[in-house]
Amino acid sequence: MTLEEFNKVPFSLVSHLNMEHEHCSTYTNKEYGFAMCTHTKCIEGIACGRTITHYMYNDKVYKSLRKFLEAIKDVKFKG
């Protein structure tokens with residue numbers, strides 16, 4: 001699967017957690033078995049700074065999009 005194909009994969013929000021120092025959202029796509037978790041630092045409940053995204057496939061966490069795309073390169077896009 002290429003980056004262009006991956007960007008077309010629909011994700012559903014599974015959970016969102018607001019904590020004192022971080023906001024975290026988790027999204028999944030059951031058809032492909034993909035998941036994404038976004039983390040945004042916050043100060044006094046207000047999101048600030050950049051968002052970090054972790055990708056999951058086959059029970060493994062990838063901390064960069066480049067490594068995740070390497071892992072899913074043989075996954076066929078169904079769209």
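Computed over heavy atoms, backbone and side chain alike; hydrogens, waters and symmetry mates excluded.
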Asks: Take atom CG in Leu3; do more than 12 heavy atoms of anything else shown fall under 6.0 Å from it?
Replies: yes
Asks: Ignoring hydrogens, what is the shortest heavy-atom contact between Glu5 and Phe77? Give both atom names and the distance.
Replies: O-CE1, 3.4 Å
Asks: What closest approach, in Å, do Thr40 and Gly49 show between heavy atoms, and which atom pair accounts for it?
Replies: CG2-O, 4.3 Å
Asks: Which distance, rounded to the nearest 0.5 Å, do you find between the CE of Met36 and the CG of Leu13?
Replies: 10.5 Å
Asks: For Glu20 and Cys42, work out which heavy atoms get closest and say how close.
Replies: O-SG, 3.5 Å
Asks: Return the CZ to CD1 distance between Phe34 and Ile72, rounded to the nearest 0.5 Å.
Replies: 4.0 Å
Asks: If hydrophobic clusters are built from ILVMFWY residues whose side chains come within less than 4.5 Å, do Leu65 and Val9 share one?
Replies: yes
Asks: Is it the case that atom CG in Asp59 sees more than 12 heavy atoms from other parts of the structure closer than 6.0 Å?
Replies: no
Asks: Does the separation of the ring centres of Tyr27 and Phe11 fall below 6.0 angstrom?
Replies: no
Asks: Considering all heavy atoms of both residues, which atom of His39 and which atom of Cys24 are nearest to each other, and what is their separation?
Replies: CE1-SG, 3.6 Å
Asks: Hey, what do you get for CD1 (Ile52) to NZ (Lys41), rounding to the nearest 0.5 Å?
Replies: 6.5 Å
Asks: Between OG1 of Thr26 and NE2 of His54, what distance do you get to the nearest 0.5 Å?
Replies: 11.5 Å
Asks: Looking at Ala71 and Tyr62, what are the two nearest heavy atoms and their distance?
Replies: CB-OH, 3.2 Å
Asks: Write down the atom of Tyr57, the atom of Tyr32, and the distance for their closest heavy-atom approach.
Replies: CE1-O, 3.4 Å
Asks: Taking atom NZ of Lys8 as the centre, report whether more than 12 heavy atoms of other residues, nucleotides or ligands fall under 6.0 Å from it.
Replies: no
Asks: Using a 3.5 Å distance criterion without hydrogens, assess whether the side chain of Asn29 forms a donor-acceptor pair with backbone atoms of Pro10.
Replies: yes
